[in-house]
Amino acid sequence: MACKKGANKRLFGDDFSVGGQKVSPEMSQMNLFEDDDKAEVGAGAATLNTIENTEHNYIFVNDAKGRKDLISLLEKTKEFAFDTETSSLDPLTCEIVGMSFSTEKGNGWYVPINEDDASWKDVVNEFKPLLEDPSKTIIGQNIKYDIQVMKQKGVQIAGTLFDTMLAHYIIDPDGKHGMDDLAMSYLSYEPVSIETLIGKKGKKQGSMKDLDPEKISDYASEDADITLQLKECFAPEVKERNGSKVFHEIECPLVYVLTDMEMEGIRVDKDFLSNYSGELQKELGERQEKVFELAGEEFNLNSPKQLGEVLFDRLKLDPKAKKTKTGQYKTDEATLQKLGKDHEIVESILDFRQLTKLKSTYVDALPQMINPSTGRVHTTFQQAVAATGRLSSYDPNLQNIPIRTQKGREVRKAFIARSDEFEILSTDYSQVELRIVASISGDEAMIEAFNSGMDIHTATAARVYGITPEEVSRDQRSSAKAVNFGIIYGQGAFGLAQNLGIKRTEAKEIIEQYFTKYAGLKQYMDDVVKKARETGYVETLTGRRRYLRDINSANFTVKSFAERNAINSPIQGSAADLIKIAMIDIHAEMKKRDLKSKMILQVHDELLFDVHLSEKDELKDMVTDLMQKAMKLKVPLVADAGFGANWLEAH
DNA sequence: CCGCCCACGC
DNA sequence: GACGTACGTGGGCGGA
C-alpha cells in the first residue's frame, strides 16, 4: 500500500495501480496517465509522483449548472474533503477565492468565488445547506482555518470533523504535520507548490486573489484530493495506535471550540498600554544611563555579545566567566545573579532586561495586534505543535503574559471585559499536574494528601522532614514545592540544588527522603521508563501516545532526555487532555444554554471568560463543575474561580 | 533570512 | 562521570 510512512523511499512504479476506482460521469476531463517518462531513479533517492504523472480528474466548476450538479453529488455522499482558497492567511480578514472538494481518490472540484462580483455571496450560499449539514463528515487539513473562513462568510460548518493534520498529530506528535510533508511521506506524492502559483515567500509574494481562477483550479482540487487520500491512510492508523478516543472525542470536537474562542478574541486597553509604555521608556532610559555610567562606556545594552565583553573583558567581573557554545560570554539571569549582589551594575542590567522584554514583547506589541474591525486581539491556538498534547498560542502569544513580577503583572490589567455589562472570569485547576501524577502513580501518601484537602507542598514538607504540618517552615515548604515540581520534569539533584541554592549532597538527601515517603511515585517513574523502553512509547490517560525513539540510545545525554520525556509527557499530556475535555463540555453547555458569555482563552490550566453580568453565578458554577468532572481521578480535581474588570483582578 | 541568546508563561 | 527541568513563542542581534 502507498499508505505507509516512508513510501517515498520505494522505487518508482510499483504503486501505480489505481484500479477499483469508480469512474463517475464527471470524469470527462480525465488526464491521460503516462507512466513511462520517469524511469530514471537515483539509488535510494526519494521518487515522488506529481500531478503531471498521476491519474486525476479535477474539474473547474464555474457555472450555476456545474455547482448544482456538484452540490447534489456531495449531498449524496456521507463525507467529503473540503478546502478553501483565500487572499491571505488571516481567516478573519481574508477574502475567499474558492472552495474545493473531493469524494474519492483522484477526483476534485474547484468552485471559484470572486468577492468583487456582486453575486459572490449567492455562490457561497448555494453551498450553505450542504456545509451546515450536521450529518456530514467534513475532512480537512487544518480545518479550523476553513471553518473560520466560512464562518466569516456566513456559513456555520457543523458536521463531524476529520482533520488530517490532527490525525497525524495523534499518530506521531513529534513529526511534521504539514500537508506537503504528509503527502510526500505517506503518498509518495509531491503536491503543486503554492510558490509556483504566487511566488516565493517574502514581501513580494502575490495573492491567490490576483490569479486567473482556472490557474488555481488544479492546485485547489489537488489539495482536497490529497486531504481525502491522507484521511484514508490515517483513519486506520489512528485506531491502530489507540488514538480513536483522543482523536474523535477530543481533538476534532475541540476544533469548533478553538474556532469560536479565536474569533471571539479579547479586548485590550490600548490607552492603558500606551501610558504604560511611556512609563517603561522613562525608566528604561534611567537604567541604561546607570549601566553606562558604571561600565564607563556606552554600548548596545540589548546585545548580549557586547554586554558580555564589557562585563568580562573590560570590567573583569569574573575571571572564570562561562561561555556559550558559540564562544560568547553567558549573560543570562542566572549567570549575572551569581556575579553577586555586590556589583551594582548587575541589578541595573537585570532591571533593564526585564523592562525591555515587557515593553517590546507585550506593551508595545499587543496594541498593534488589535484587529481594527473587532477592536480585539485574536490569537491562534496551535493544536498540533506541542508533542505532549498541549495547545500553543501565537500572534499574539496569550499564554505567556507576565504574572511573576509586579511590573509584569501590570500588563494583565490591559486585558479587559468587552463592555461595562461584562466582567472577566478566570478559572484554574489547582495543582493539576501533581494531582494527575498522584492518580497515575497510585501513590497512597500523595493521594491521601490531596484527599485531606491540605496544601500539597506543606503536606509534602511535613512528610519529608518528619514533622507536623504546623511545624513546616517557609524554607521547608519551598524546598518541598521545588521537589514536587522537579518530579514532574524528571529533575535530578543537580537541578534541584541549583534551584534552591543548596549543595548537591543536600539536594540528593531531600530527593531520597522524598522517594522514601512517596515510594509509589518512584515506582511510577521507574515503570514508565521501563514501559517506554519495551514499547517505544508512553501514553496519557486518554491514550494519547508519544514515541520516544531515543529511549534506548547509547548516548547518555540523549537517553536521559528521552527518559525525562517518558516521565513528563504522560503527566503534562494528561493535564492537556483534561482541560481539553473540560473546554468541549463547557462550550457545549454554553451553547445549549444560549449564554451571552464567551470562553476566550486557555492557558494550560486556566480558562478565561468574558462574562455577562447576569450570568456570573451561573457560569462560574457551571464552569468549575465541568472542570472538576472532566475526568475521574483517584484524587479530587479542584478548580478555583475569580471575577474582575480585567485579567489581573480575576486571576 | 536564520540561528543564537535571552526571557516570558505553565 | 557524562549531563544536568517538561512544553511552548517572540524580540533583538549579528552573520550569511
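All chains are named by letter (A, B, ...) in the order of the sequence lines, taking the proteins before the strands, and each is independently numbered beginning at 1. All heavy atoms count here, side chains included; hydrogens, waters and symmetry mates do not. From a predicted model like this one, the values you see are computed outputs, not experimental measurements.
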Residue-phosphate contact under 4.0 Å: A/Arg564 side-chain N/O, C/dA6 OP1/OP2: yes
Distance below 4.0 Å between A/Thr331 side-chain N/O and B/dC6 OP1 or OP2: yes
A/Val603 side-chain proximity, nearest of B/dC10, C/dG8, B/dA7: B/dC10
Interatomic distance where CZ belongs to A/Phe381 and C1' belongs to C/dC7 [whole Å]: 16 Å
Nearest listed nucleotide, side chain of A/Pro402, among C/dG11, C/dA6, B/dC8: B/dC8
Integer angstrom distance from the P of C/dG4 to that of B/dC5: 14 Å
Under 4.0 angstrom between A/Thr361 side-chain N/O and C/dG11 OP1 or OP2: no
Paired nucleotide for B/dG3 [Watson-Crick or G-U wobble; both distances under 3.5 Å]: C/dC13
Nearest to side-chain heavy atoms of A/Gln354, which nucleotide of C/dA2, C/dG10, B/dC8: B/dC8
Value in whole Å for how far the C1' atom of C/dG4 lies from NZ of A/Lys559: 15 Å
Polar side chain donor-acceptor pair, A/Tyr169 to A/Asp163, under 3.5 angstrom: no
B/dC6 base / A/Arg353 side chain donor-acceptor hit below 3.5 Å: no
Residue-phosphate contact under 4.0 Å: A/Asn302 side-chain N/O, C/dG14 OP1/OP2: no
Among A/Glu606, A/Arg412, A/Glu649, side-chain hydrogen bond (donor to acceptor under 3.5 Å, both in side chains) partner for A/Ser426: A/Glu606
Identity of whatever pairs with B/dG9 - Watson-Crick or G-U, under 3.5 angstrom: C/dC7
A/Ser303 side chain near C/dG14 phosphate (N/O to OP1/OP2, under 4.0 Å): yes
Distance, rounded to the nearest Å, where A/Leu355 contributes CG and B/dA7 contributes P: 13 Å
Salt bridge (Lys or Arg N to Asp or Glu O under 4.0 Å) assessment of A/Asp526 paired with A/Lys522: CA-CA 6 Å; A/Asp526 293 344; A/Lys522 175 73 177 139; 3.4 Å; yes
Parallel, tilted or perpendicular: rings of A/Phe485 and A/His457 (30°, 60°): tilted
Interatomic distance, A/Lys407 NZ vs B/dG9 C1' [rounded to whole Å]: 19 Å
Among B/dA7, B/dG9, C/dT9, the nucleotide that comes nearest once only the side chain of A/Gln382 is considered: C/dT9
Between A/Asn300 and A/Ser303, a side-chain donor and acceptor under 3.5 Å: no
Side-chain donor/acceptor contact of A/Asn499 with base of C/dT5 under 3.5 Å: yes
Pair A/Glu563-A/Arg533, salt bridge (Lys or Arg N to Asp or Glu O under 4.0 Å): steps then yes or no: CA-CA 9 Å; A/Glu563 287 172 356; A/Arg533 281 203 188 101; 2.5 Å; yes
A/Tyr514 vs A/Tyr518, ring pair (Phe, Tyr, Trp, His ring centres under 6.0 Å): CA-CA, chis, key distance, verdict: CA-CA 6 Å; A/Tyr514 186 95; A/Tyr518 291 137; 5.0 Å; yes
Proximal nucleotide (of B/dC6, B/dC8, C/dT9) relative to the A/Ser392 side chain: C/dT9
Under 4.0 angstrom between A/Thr326 side-chain N/O and B/dC5 OP1 or OP2: yes
Whichever of A/Phe556 and A/Phe561 has its nearest DNA chain C nucleotide further upstream toward 5': A/Phe556
Per A/Arg390 side chain, nearest of listed nucleotides C/dA6, B/dC5, C/dG14: C/dA6
Below 4.0 Å: OP1/OP2 of B/dC5 and any side-chain N or O of A/Thr324: yes
side-chain N/O A/Asn300 vs C/dG12 OP1/OP2, d < 4.0 Å: no
Interatomic distance where CG belongs to A/Asn568 and P belongs to C/dC7 [whole Å]: 6 Å
A/His604 or A/Thr557, whichever maps to the more 5' nucleotide of DNA chain C: A/Thr557
Length of the NZ-P vector between A/Lys323 and B/dC4, whole Å: 17 Å
Rounded interatomic separation in angstrom, taking CZ from A/Phe485 and C1' from C/dC7: 14 Å
Interatomic distance where CD belongs to A/Gln602 and C1' belongs to B/dG9 [whole Å]: 12 Å
Side-chain N,O (A/Gln328) to OP1/OP2 (C/dC13) below 4.0 Å: no
Minimum-distance nucleotide (side-chain atoms of A/Leu350 versus C/dA6, C/dG8, B/dA7): B/dA7
